[in-house]
Amino acid sequence: MNIKIIMNKSVSTIRGTMMAILLSLLLMIEWVYADEVTLNFRDADLVAVINSVSQITGKNFIIDPRVKGKVTVISSKPLNEDEVYNVFLSILQVHGFATIPTKNAIKIIPDATAKQSAAPLTRGRKGPGDQLITRVLQINHISAAQLVPILRPLVAQQGHLAAYAATNVLIISDRASNIERIDRIIRQMDRKSDSDIEIIKLNYAFAAEVVRLLSSLNVTAAGRKNPLSGQVKFTADERTNSILLSGEKSDRLQYRAIIAALDEPVETTGNTHVVYLHYAEAKNLASILSNVGAEIIKAEAKNIPVTKSGARSGSVSVQADEASNALVITAPASVFPALRAVIQQLDIPRAQVHIEAIIAEILLDTSDELGVQWLIDASATGDPVVATQFAGAGASITSVASGIIPDGLTLGLGRLDDPKLNFIALIRALSGDSETNLLSTPSIVTLDNQEAEIIVGQNVPFVTGETSNTSTTGAITNPFRTIERRDIGISLKVKPQINEGNTITLSIEQEVSSVSGSATSAVDIIINKRSIKTTVQLEDGELLVLGGLINDRVVDTVQKVPGLGDIPILGALFRSTKLTKVKQNLVVFIRATIIKDPVKARALSRRKYNFMRDLQLENYDEDNPITPVLVPFE
């Protein structure tokens, strides 16, 4: 018995409680006697369709308030209960909704929030095609993480795909039919590979040189890695002069044939060989190889025959050609392989170290002076002359009278026109405040175990000697003066040494010097100098602090006339006081970064370049451009 259910727009919009109740009762009575049903909906309300499916399948539904829409289903074939429910799931998928089964009911919610709900977790058991499920797929032979970018476009936008590397599994949350499709794709990809590792021992060629040639084969003309040979990896074991190959068998066969063709004896016309260096300097290796060759000759001296001239036939000569950075080696056939092995181990790229420093110096120099000087002249009447003079009071009364005005406030009081008694009182007050704030951020890049220095300052001349002759007439003849120039400013000298485990040993010499601007009694200018010389260890990229409070000095000087200077209040007229406070603080921050590959070097260069470009952009005036702005770092 078949029942055909047709809901058009007029039926879906029937108003009245009685009609809805009668329709539901009719469906319940007819479904009891029916085996199949034909569904045809035209612009039917989605909630009404859910109600009909609930009556047909006997399932309970909890409907989210956001579940709304119009449904159109055209069918001419009768469907059983399971097929009706599958069609219902397809209807929900088309409208962007999903079902989440619970113990007593099925929740209908939007797709966007369905994956965070308790979607059914299946293990190889197929569910309804459009049912939202979560499944864990075990990957056996390939990496699950490598499959994520390949399979992600196949998963629905609202779905979820992730890899768990610890157990090499994929976690997928999507419609059951789509997960089955992805599972079939994975089974075709997840197959055991014939990838293996083999060791090829060389008899004539050198492993490091052959690996360098093979690496050049994997690079295209544009400088990119050749994708066809990217599955093969190789490395050199210089201790046994062997090459380790890993990859698919077919790819390894191709490279093994190339290696066999390269591992052939080289015909030579004598014992002289030319070895071109890639990284080391020829003149530095020449002396080392000469000593190594001499030691090998000594070890084999008992087995080397003596020529007619009585000299040993075995000798080693190593000459450096700096123009081509090559070594010209003359050595017996038994000695040259050992020298070549030494060259391979020494001719390697050296890591670089990027050293950044922040130099912060704060100098505070304050002084307060107050002094009173007296001059009483009664010499016209035969009485003595009385005067006071203090070093801390600055210029004397006589120098002021001659026109020399000292720093600060100078106040003179007195009488000079009396024929019997004249007096002068000179009061001087001075307050000085000197503050220096120096901040510098020098940075430098150098090779491992290579000293580097950066200086930012001036080259100041200093007089070191002066002579002159005086003639009989009193004129100066043949004047002579010697001058020495010194660098004054900020200098940083470092020598890094990279240790095992990315630990760096730094020999640091840092100096901050300047010409003193304060008044002094020295015969020549005074140089303020602050320097740090130390050797430290720090990890790659760590920040280290050097220096601190250098000087904190307080000088309180009091000069007075005995007795009179101790009188309360009036004693200030007979004394001079000077208070000086000097505080000097120098802090240096050092950070060293190891650069082992061009990628890291490029990242550091980009950061510095963009910093300078940002500074230019901040100060750039479009109406009055002074310098062009740097182009963006590519």
Side-chain angles (χ1 to χ4, degrees), residues 137-151 162-170 185-266 275 277-280 336-351 498-502 540 594-600:
L137 301 178
Q138 179 67 49
I139 311 300
N140 299 318
H141 303 292
I142 58 179
S143 173
Q146 294 178 352
L147 291 176
V148 172
I150 300 173
L151 301 177
Y164 182 57
T167 56
N168 200 40
V169 297
L170 283 176
I185 295 174
I186 292 175
R187 284 199 297 268
Q188 295 182 13
M189 300 174 62
D190 188 23
R191 295 179 180 179
K192 187 175 182 181
S193 173
D194 59 352
S195 177
D196 200 358
I197 299 176
E198 62 177 309
I199 300 175
I200 302 176
K201 186 172 179 59
L202 304 182
N203 298 318
Y204 305 102
F206 295 95
E209 190 70 18
V210 173
V211 167
R212 186 182 65 83
L213 293 175
L214 295 178
S215 299
S216 64
L217 293 178
N218 281 345
V219 179
T220 62
R224 299 179 180 177
K225 192 172 182 180
N226 189 348
L228 298 179
S229 56
Q231 302 298 328
V232 179
K233 298 181 180 179
F234 34 79
T235 185
D237 180 20
E238 298 182 3
R239 185 180 62 86
T240 60
N241 197 36
S242 304
I243 296 178
L244 282 73
L245 274 181
S246 65
E248 298 292 334
K249 186 176 181 180
S250 58
D251 296 331
R252 285 188 282 111
L253 287 174
Q254 180 183 4
Y255 279 92
R256 191 163 55 186
I258 298 175
I259 294 172
L262 294 176
D263 190 25
E264 294 290 340
V266 180
V275 180
L277 302 180
H278 305 290
Y279 308 102
F336 179 72
L339 297 180
R340 185 60 185 266
V342 174
I343 294 174
Q344 287 184 342
Q345 296 183 44
L346 295 178
D347 188 26
I348 58 175
R350 295 166 61 186
I498 301 175
N499 305 322
E500 186 177 0
N502 289 336
D540 179 22
I594 301 175
I595 305 176
K596 292 185 178 180
D597 52 68
V599 176
K600 196 166 188 178

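Computed from a prediction, not measured in an experiment: that's the story for all the values here. Computation of the quantities below employed the complete heavy-atom set of this structure, encompassing side-chain atoms and omitting hydrogens, waters and symmetry-equivalent molecules.
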Before you tell me yes or no, could you show the steps for Leu151 and Leu170 under side chain to side chain contact (heavy atoms under 4.5 Å, CB included), namely the whole-Å CA-CA distance, both residues' side-chain angles and the distance that decides it to 0.1 Å?
CA-CA 10 Å; Leu151 301 177; Leu170 283 176; 3.9 Å; yes
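- When all heavy atoms of Ile594 and Ala351 are compared, the pair lying nearest together is CG2-CB, 4.3 Å.
- Rounding to the nearest 0.5 angstrom, the gap separating the CG atom in Leu346 from the CG atom in Leu277 is 9.5 Å.
- Remark: Gln138 CD to Ile186 CD1 distance equals 11.0 Å, nearest 0.5 Å.
- Heavy atoms of other residues, nucleotides or ligands lying less than 6.0 angstrom from CD of Glu198 number more than 12.
- Remark: the backbone N or O of Ala205 is paired with a side-chain donor or acceptor of Asn241 at under 3.5 angstrom.
- For Thr167 against Tyr164, the heavy-atom pair with the smallest separation is OG1-CD2, 3.1 Å.
- With hydrogens and angles ignored, the 3.5 Å screen pairs no side-chain donor or acceptor of Glu209 with any backbone N or O of Gln344.
- A salt bridge between Asp540 and Lys596 is absent, with no side-chain N of the basic residue lying under 4.0 Å from a carboxylate O of the acidic one.
- To the nearest 0.5 Å, atom CG of residue Leu245 and atom NZ of residue Lys233 are 13.0 Å apart.
- Asn168 places a side-chain N or O within 3.5 Å of a backbone atom of Ile139 that can act as its donor or acceptor partner.
- Side-chain atoms of Ile243 and Val211, non-hydrogen and from C-beta on, do get closer than 4.5 Å to each other.
- The shortest non-hydrogen separation linking Ala207 to Ser242 is CB-O, 3.5 Å.
- Atoms CG and CG, on Leu262 and Leu213 in that order, are 6.0 Å from each other to the nearest 0.5 Å.
- Using a 4.5 Å cut-off on side-chain heavy atoms (C-beta onward), Met189 and Ile150 make contact.
- Closest non-hydrogen pair, Val275 versus Arg340, comes out as CG1-NE, 4.2 Å.
- A distance of 13.0 Å separates CG of Asp237 from CD1 of Ile200, quoted to the nearest 0.5 Å.
- With rounding to the nearest 0.5 angstrom, the CD1 atom of Ile258 is 6.5 Å from the CG atom of Leu214.
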